[in-house]
Amino acid sequence: MSEKSELLAALETIQREKKISKEDILHVVENALVSAYKKHVGKNVNVEAKVDNETGQMSACVIKKVVEEPVNKLTEISLEDAKKIYKNAKLDEEIKIALDTDDFARIAAQTAKQVIVQKIRESERDSLYEEMKSKIGEMINGSIYKIVNRNIIVDLGRSEAILPVSEQVAKEKFSVGQHIRAIVIKAEKNAKGPNTVLSRTHPDLVKVLFELEVPEIYEKIVSIVAIVREAGLRTKIAVTSNNPKVDPVGACVGVKGARIKPIIDELRGERIDLIPFSNDPVKYISQALAPAKVLTVTIVSEQDKKAEVIVADDMLSLAIGKSGHNVRLAARLTGWNIDVKSESQKKLEKEQKREEKYSELEQLSGINDKTIEMLKNAQITSVKKIAELKVEDLTTLPGIGPKTAEKIIKSAQEAISKK
């Protein structure tokens with residue numbers, strides 16, 4: 001096989017295996033030939049090189065300006081010498097003088113080889129970077145190549161990626177050679193190739209797993225509205241159905257948990273709560289606190305998105321979760337600030353407020369305990385409210401006459417004026 005055909009064969013192999021076009025490599029070869037000649041002769045020489053992409057035939061020439069008396073023989077040629085090459089050569093025009101390509105090729109061979117290798121490396125890096133950049137948010141498979149300072153290096157075949165400690169689930173343990181699945185969260189370009197960062201803690205990992213296991217999600221029949229996660233502990237997913245005949249939660253769980261089980265296994269037993277999405281905040285908040293059963297949800301402030309949730313005493317720890325993770329995830333999922341209380345806590349709170357109100361009556365001077373007790377029984381506990389009453393309002397109460405009523409109202413007004 002000739003050197004020329006060997007060159008073309010090599011270029012075609014590179015094109016096929018490295019996904020770099022033959023034209024790009026030929027262009028690099030031409031530049032390498034020019035660079036090599038300049039290095040051999042002088043950097044000021046004006047030289048062109050071409051490689052035929054069909055035959056591999058190399059040609060090269062030096063471009064010189066025709067002058068009367070050449071000052072720089074690298075860039076100029078006399079009219080007399082120019083006419084020996086081109087009969088019609090004229091002053092001040094440029095002519096191309098062919099070079100001995102066999103000798104030229106030998107000069108350029110090593111340089112061209114180095115440049116081609118460098119170009120291949122650069123193109124591979126660019127190609128891998130673009131490939132990994134396009135996979136951000138996707139799940140990829142790999143095998144663990146090595147573990148350095150607890151950072152896991154994953155072999156992806158054509159490249160490597162890192163699963164840093166910060167993106168690992170604390171309770172998950174891996175070893176060299178083990179298969180691993182993770183989400184691509186970052187791809188950066190550097191001198192050694194793409195720096196690809198993986199994650200096992202990102203919520204998108206759970207999302208992609210559901211897309212793989214639940215056909216209805218993949219087909220957009222069931223949609224994931226929101227997903228929040230505390231990796232290793234619990235994930236909450238709000239789902240809705242675009243088909244009234246399809247139960248979104250049932251579709252995700254599968255018959256006897258057949259669809260959700262592989263996902264839980266992949267996440268090493270992480271708990272997953274599937275929540276039917278609702279535009280009704282009361283209903284949505286109630287369901288978001290699963291697995292706890294909620295008794296009541298009260299919207300404290302629509303503007304500040306604050307809600308109070310009451311649960312049975314034996315449900316309080318379940319509703320809050322370990323270190324508060326369950327109520328914290330529910331709040332993130334719904335976008336509401338959720339204050340969870342037990343029935344006993346709420347009852348005690350009410351009693352304390354009632355006592356605080358009743359204690360106001362003790363501010364009334366000159367009023368005996370019997371009268372105060374009558375006011376309490378009538379649910380009249382606000383001194384401010386008493387001060388605004390009329391005598392006839394109080395005389396409707398048994399045991400309170402006009403004089404006593406006047407005395408109560410006057411005492412209330414004096415108490416307020418002292419504040």
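Atom set for the values below is all heavy atoms of this structure, side chains included, hydrogens, waters and symmetry mates excluded. Numbers for residues simply follow the sequence, beginning at 1.
Contact annotation: the side chain of Val239 never approaches that of Val225 to less than 4.5 Å [non-hydrogen atoms, C-beta and beyond]. For the pair Glu48/Ile63, a side-chain contact is recorded, criterion being any heavy-atom separation below 4.5 Å from C-beta on. Met139 has its side chain within reach of Leu212: a pair of non-hydrogen atoms, C-beta onward, lies under 4.5 Å apart. Side-chain atoms of Ile275 and Ile237, non-hydrogen and from C-beta on, never get closer than 4.5 Å to each other. Under the 4.5 Å side-chain criterion, counting only non-hydrogen atoms from C-beta, Ile180 is in contact with Leu163. Side-chain contact between Val154 and Ile162 is absent, with no heavy-atom pair separated by less than 4.5 Å. Two residues are said to be in side-chain contact when any heavy atoms from C-beta on lie closer than 4.5 Å; Ile260 and Leu274 meet this criterion. Looking at Leu267 and Leu209, their side chains come closer than 4.5 Å, going by heavy atoms from C-beta outward.
Among all heavy-atom pairs drawn from Ile400 and Ala405, the shortest one is CG2-N, 3.9 Å. Here the closest heavy-atom approach between residue Asn326 and residue Ala319 is recorded as ND2-O, 2.9 Å. Closest non-hydrogen pair, Lys189 versus Asp126, comes out as NZ-OD1, 3.6 Å. Taking both residues in full, the closest heavy atoms of Cys61 and Val47 are given as O-CG2, 3.2 Å, listed atom of the first, atom of the second, then distance. Here the closest non-hydrogen pair linking Leu329 and Arg234 is CD1-O, 3.4 Å. Listed here is the closest heavy atom pair of Val208 and Gly137: CG2-O, 3.8 Å.
Using a cutoff of 4.0 Å between basic side-chain nitrogens and carboxylate oxygens, Lys135 and Glu131 are scored as salt-bridged.
Open room surrounds NZ on Lys50; 12 or fewer heavy atoms of other groups in view lie less than 6.0 Å from it. Within a 6.0 Å sphere centred on NZ of Lys322, heavy atoms belonging to other residues, nucleotides or ligands number 12 at most.
Evaluation of the salt bridge (Lys or Arg N to Asp or Glu O under 4.0 Å) rule for Lys236 yields Asp273 as partners, not counting sequence neighbours. Scored by the salt bridge (Lys or Arg N to Asp or Glu O under 4.0 Å) test, Lys341 finds Glu308, Asp339, Glu349 as partners (sequence neighbours excluded). With sequence neighbours excluded, no residue satisfies side chain to side chain donor-acceptor pair (under 3.5 Å) with Lys305. Applying the side chain to side chain donor-acceptor pair (under 3.5 Å) criterion to Ser199, with sequence neighbours excluded, gives Glu167, Thr201. Thr235 meets the side chain to side chain donor-acceptor pair (under 3.5 Å) test with Glu270; sequence neighbours excluded. Under the side chain to side chain donor-acceptor pair (under 3.5 Å) criterion, Ser344 pairs with Asp313, sequence neighbours left out. Applying the salt bridge (Lys or Arg N to Asp or Glu O under 4.0 Å) rule to Arg332 yields no partners; only residues at least two apart in sequence or on another chain are considered. Evaluation of the salt bridge (Lys or Arg N to Asp or Glu O under 4.0 Å) rule for Arg200 yields Glu172, Glu266 as partners, not counting sequence neighbours.
At least one donor-acceptor pair closer than 3.5 Å links the side chain of Asn72 to the backbone N or O of Leu74. Put simply, the side chain of Ser323 never gets that close to the backbone of His325: no donor and acceptor are under 3.5 Å apart. Looking only at distances, no side-chain donor or acceptor of Ser143 sits under 3.5 Å from a matching main-chain atom of His179. Under the 3.5 Å distance criterion, the side-chain polar atoms of Glu160 are left unmatched by any main-chain donor or acceptor of Asp155. Side chain of Thr334 to main chain of Ala330: a donor-acceptor pair is present (N/O by atom type, distance under 3.5 Å, no hydrogens or angles). Judged by distance alone, the side chain of Ser241 and the main-chain N or O of Pro244 form no donor-acceptor pair under 3.5 Å.
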Applying side chain to side chain contact (heavy atoms under 4.5 Å, CB included), run through Leu233 and Arg271 and close with a yes or a no.
-> CA-CA 6 Å; Leu233 292 174; Arg271 291 179 175 84; over 6 Å; no

For Val340 and Leu316, what are the C-alpha separation, side-chain angles and deciding distance, and is it a side chain to side chain contact (heavy atoms under 4.5 Å, CB included)?
-> CA-CA 8 Å; Val340 179; Leu316 183 62; 3.8 Å; yes

List the steps, then state whether side chain to side chain contact (heavy atoms under 4.5 Å, CB included) holds for Thr196 with Val184.
-> CA-CA 7 Å; Thr196 305; Val184 179; 4.0 Å; yes

Apply side chain to side chain contact (heavy atoms under 4.5 Å, CB included) to Leu295 and Glu343, showing your working.
-> CA-CA 9 Å; Leu295 296 177; Glu343 282 184 291; 3.3 Å; yes

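Here the CD1-OG1 distance, from Ile310 to Thr298, works out to 6.5 Å after rounding to the nearest 0.5 Å. Atom CD1 of Ile263 and atom SG of Cys252 lie 7.5 Å apart (nearest 0.5 Å). Distance check, rounded to the nearest 0.5 Å: CG of Asn46 to NZ of Lys96 gives 9.5 Å. Summarising the geometry, atom OG1 belonging to Thr396 is positioned 9.5 Å from atom CD belonging to Glu392; distances are rounded to the nearest 0.5 Å. Atom CD1 of Ile408 sits about 12.0 Å away from atom CG of Asp393, to the nearest 0.5 Å. Here the CG atom belonging to Leu205 is positioned 11.0 Å from the CZ atom belonging to Phe210, to the nearest 0.5 angstrom.
Partner of Leu289 under the side chain to side chain contact (heavy atoms under 4.5 Å, CB included) criterion, out of Val309, Val311, Leu318: Val309 alone.
For residues 381-416, the set of pairs meeting the ring-ring contact (aromatic ring centres under 6.0 Å, His included) definition, not counting sequence neighbours, is empty. Each ring-ring contact (aromatic ring centres under 6.0 Å, His included) pair with one or both residues in residues 243-286, not counting sequence neighbours, appears once here: Phe277-Tyr284. For residues 205-226, the set of pairs meeting the side-chain hydrogen bond (donor to acceptor under 3.5 Å, both in side chains) definition, not counting sequence neighbours, comprises Glu216-Arg259, Ser223-Asn242.
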Hey, can you pull the donor-acceptor pairs under 3.5 Å for the side chains in residues 144-152, sequence neighbours left out?
residue : atom : partner : partner atom : Å
Asn151  : OD1  : Val165  : N            : 3.1

